[in-house]
Amino acid sequence: MSNRDGFASGLIAGAAVGGLVGGLLGILVGARVSNDADEAENLLETQEDTEKQKAIKESEIIEETRQSLEGKIAQLNQAIDEVRQQINGVNGNLAKTGRSLSEESSNY
């Protein structure tokens with residue numbers, strides 16, 4: 001009979017100690033997982049902020065490039081207009097003299 005009494009008290013003591021150890025391990029692992037989750041969330045937020053900043057910088061660069069190209073296109077259009085005016089002036093002078101452009105170029 002004493003073996004049965006010792007078994008029962010050992011079983012109860014083992015269950016209690018096992019429950020305490022399991023509970024402590026659960027708390028520690030849970031806290032670590034929670035911290036890891038918080039760190040992962042912070043990393044994701046940092047990456048999103050970095051990506052937003054990159055997108056803003058890229059859009060600014062694109063806008064500056066677009067404005068620069070518009071300025072260059074305006075310069076080219078102005079140069080084309082000047083050449084047209086010069087050509088029209090040459091054609092107008094030829095029309096007054098009665099000669100054609102091919103006759104004028106053959107003189108050179």
Side-chain angles (χ1 to χ4, degrees):
M1 219 40 182
S2 73
N3 281 341
R4 286 188 181 178
D5 289 335
F7 176 75
S9 65
L11 180 64
I12 292 173
V17 170
L20 286 173
V21 170
L24 289 174
L25 285 175
I27 290 172
L28 293 174
V29 170
R32 177 171 274 176
V33 168
S34 176
N35 287 341
D36 289 345
D38 290 341
E39 288 178 20
E41 186 176 326
N42 288 339
L43 284 174
L44 286 174
E45 289 175 359
T46 302
Q47 284 179 336
E48 289 174 357
D49 290 343
T50 303
E51 289 174 3
K52 287 178 184 177
Q53 289 174 351
K54 285 182 182 178
I56 290 171
K57 286 180 183 178
E58 286 177 1
S59 66
E60 289 174 355
I61 291 170
I62 289 171
E63 181 64 22
E64 289 174 7
T65 304
R66 184 187 64 79
Q67 290 176 355
S68 172
L69 288 174
E70 284 180 353
K72 290 178 183 180
I73 289 170
Q75 288 175 347
L76 287 172
N77 285 337
Q78 186 177 12
I80 289 169
D81 289 342
E82 289 174 5
V83 170
R84 273 193 193 139
Q85 289 175 357
Q86 290 174 357
I87 289 173
N88 286 337
V90 169
N91 287 340
N93 288 338
L94 291 176
K96 289 179 185 175
T97 60
R99 294 192 284 182
S100 68
L101 187 59
S102 61
E103 291 174 6
E104 188 67 25
S105 62
S106 66
N107 289 337
Y108 294 107

- prompt: With D81, which residues qualify under salt bridge (charged side-chain N to carboxylate O under 4.0 Å, His left out), at least two apart?
  reply: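 Expected list: R84.
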field: CD-CD distance between Q78 and E82, expressed to the nearest 0.5 angstrom
entry: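 Reported to 0.5 Å precision, the distance equals 5.0 Å.
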Gap between atom CD1 of I61 and atom CD1 of I56 - 0.5 Å precision: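 Between atom CD1 of I56 and atom CD1 of I61 there are 12.0 Å.
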query: Quick one: do L25 and V17 end up in the same hydrophobic cluster if we chain Ile, Leu, Val, Met, Phe, Trp and Tyr together by side-chain heavy atoms under 4.5 Å apart?
result: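 Same cluster: L25 reaches V17 through Ile, Leu, Val, Met, Phe, Trp or Tyr contacts under 4.5 Å.
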- prompt: Does a side-chain heavy-atom distance below 4.5 Å link Q47 with L43?
  reply: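 Contact flag for Q47/L43 side chains = no.
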- prompt: What residue pairs, at least two apart or across chains, pass salt bridge (Lys or Arg N to Asp or Glu O under 4.0 Å) with a residue in residues 64-76?
  reply: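 Sorted pair list: E63-R66, R66-E70.
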